[in-house]
Amino acid sequence: MTTGISSWALDLAGVGAIYPFQGLEFLFLIIGLVFWIWWHIVCFKMELNRQEEKIKKYGNSKSIKKAIEYDH
């Protein structure tokens, strides 16, 4: 027993904190939102770099279409 409460049949208003980091919920929300936005930015940049590498290797859609439609 880590909370010192042996029975939940009591007035919880007088008990105090029953879980750690009480009062920091809003801070954790802000941290989570910042991480979520940062993650999307990082993924977007990585996908953009990968797409640019593919364009350098294979060309863009116009050059591919031109190569396919080329008549000998």
Side-chain angles (χ1 to χ4, degrees):
M1 166 173 60
T2 60
T3 61
I5 299 173
S6 59
S7 171
W8 288 102
L10 53 98
D11 183 20
L12 291 177
V15 173
I18 57 171
Y19 60 91
F21 308 113
Q22 193 171 22
L24 295 176
E25 293 89 354
F26 187 71
L27 176 64
F28 291 145
L29 173 71
I30 298 299
I31 291 170
L33 287 174
V34 168
F35 177 77
W36 181 61
I37 292 169
W38 171 81
W39 176 257
H40 283 284
I41 291 170
V42 168
C43 287
F44 178 77
K45 287 182 179 181
M46 287 173 47
E47 290 173 3
L48 188 63
N49 287 340
R50 185 168 182 220
Q51 188 67 20
E52 287 175 356
E53 288 174 6
K54 285 183 177 181
I55 289 172
K56 286 179 185 176
K57 184 175 181 180
Y58 301 113
N60 58 17
S61 61
K62 289 181 182 179
S63 64
I64 292 173
K65 194 174 204 179
K66 185 179 177 184
I68 292 172
E69 294 176 353
Y70 179 75
D71 292 330
H72 292 283

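The closest side-chain heavy-atom distance from Leu29 to Phe26 is below 4.5 Å.
Atom-to-atom distance recorded for Lys54:NZ and Asn49:CG is 13.0 Å, nearest 0.5 angstrom.
Counting heavy-atom neighbours within 6.0 Å of Phe28 CZ, excluding the residue itself, gives a total above 12.
The hydrophobic cluster containing Phe21 also contains Leu27, counting ILVMFWY residues as joined when their side-chain heavy atoms lie under 4.5 angstrom apart, directly or transitively. Note: the hydrophobic cluster containing Leu24 does not contain Phe35 (ILVMFWY, side chain heavy atoms under 4.5 Å, direct or indirect links). Linking ILVMFWY side-chain heavy atoms closer than 4.5 Å, directly or via other members, places Trp36 and Val42 in two distinct hydrophobic clusters.
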